[in-house]
Amino acid sequence: MLRFLPSASEALVAGDPVSICVGGASWQGAGGHFAAVAGTWLCGTGALVTGFRATGGPIDAWNPDFPPGGTVTEKVAATADGRWHWSFAGRGTLEGDVDASLTFDPATRRLVGGSRTGELGRTTFSFDYVTPVAPIAAPAA
């Protein structure tokens, strides 16, 4: 599972963080033992957007040295119900050919759905704006 806050993000496996991105820094690890990942990182919603645009899927941290995908095409169109539908097609960084889409509701300013199809199959994305979450914090040194 991925969590995104405005300026922090993390990846979780079975509810435990394995990757944390806060304040332009990234850490990888598990069980409370984390190691800093070299470089300057884009965290939070910036990583979500850049990850989708460059790889065709969400990632919790983005580094400018991360190789972007190729032959990317993007389209944004309004749907009949007034929402915005964004689609991405291209060669993803993490796998081959990728088709991804997100739907945004401008009335609520929220993502309401999304999906990604690639060589590893289809993934559907959901977005939770109700469940309270703890702040994402950098691991203790």
**Prompt:** Thr131: what forms a side-chain hydrogen bond (donor to acceptor under 3.5 Å, both in side chains) with it, not counting sequence neighbours?
**Reply:** Asp128
**Request:** Return the set of residues passing side-chain contact (heavy atoms from CB on, under 4.5 Å) with Ala25 (not counting sequence neighbours), or none when no residue passes.
**Result:** Trp27
**Request:** Specify the closest pair of heavy atoms between Ser19 and Phe34, including all atoms of both residues, with the distance to one decimal.
**Result:** N-CE2, 4.4 Å
**Between OG on residue Ser126 and CE on residue Met1, distance to nearest 0.5 Å** = 9.5 Å
**Asked** If every non-hydrogen atom of Phe4 is compared with every non-hydrogen atom of Asp60, which pair is closest and at what distance?
**Response** CE2-CA, 3.9 Å
**Request:** Mark yes or no for whether Tyr129, through its side chain, and Val112, through its backbone, hold a donor-acceptor pair below 3.5 Å.
**Result:** no
**Request:** Decide whether Val13 and Leu2 are clustered together by the hydrophobic rule: side chain heavy atoms of Ile, Leu, Val, Met, Phe, Trp, Tyr closer than 4.5 Å, transitively.
**Result:** no
**Contact summary for Gly96 and Glu119, nearest pair of heavy atoms** = CA-OE2, 3.2 Å
**Asked** What distance separates Asp105 CG from Asp81 CG, expressed to the nearest 0.5 Å?
**Response** 7.5 Å
**Request:** Would you check if the side chain of Arg116 reaches a backbone N or O of Gly56 as a donor-acceptor pair within less than 3.5 Å?
**Result:** yes
**Message:** Would a single hydrophobic cluster contain both Val18 and Val22, if residues Ile, Leu, Val, Met, Phe, Trp and Tyr are joined by side-chain heavy-atom contacts under 4.5 Å?
**Reply:** no
**Prompt:** Is it the case that more than 12 heavy atoms not belonging to Trp84 sit under 6.0 Å from its CH2 atom?
**Reply:** no
**Request:** Could you tell me which non-hydrogen atom of Arg53 sits nearest to which non-hydrogen atom of Phe88, and how far apart they are?
**Result:** O-CE1, 2.9 Å
**CD1 on Ile136 to OG on Ser9, rounded to 0.5 Å** = 6.0 Å
**Asked** Which word best sums up how the rings of Phe125 and Phe52 line up, parallel for under 30°, tilted for 30 to 60°, or perpendicular for over 60°?
**Response** perpendicular
**Asked** If Ile, Leu, Val, Met, Phe, Trp and Tyr residues are connected whenever their side-chain heavy atoms lie under 4.5 Å apart, and connections chain through other members, are Ile20 and Val133 in the same group?
**Response** yes
**Prompt:** So if you build clusters from Ile, Leu, Val, Met, Phe, Trp, Tyr with side-chain heavy-atom gaps below 4.5 Å, do Leu102 and Val98 land together?
**Reply:** yes
**Fill in**
Nearest heavy-atom approach of Phe104 to Leu111 is CD1-N, 4.0 Å
Could you give the side-chain donor-acceptor pairs of residues 39-47 under 3.5 Å, partners two or more places apart or in another chain?
unit_1, atom_1, unit_2, atom_2, d
Trp41, NE1, Val37, O, 3.4
Trp41, NE1, Ala38, O, 3.2
Thr45, OG1, Pro6, O, 3.3

**Asked** Between Ala134 and Arg3, which heavy-atom pair has the shortest distance, and what is it?
**Response** O-NH2, 2.6 Å
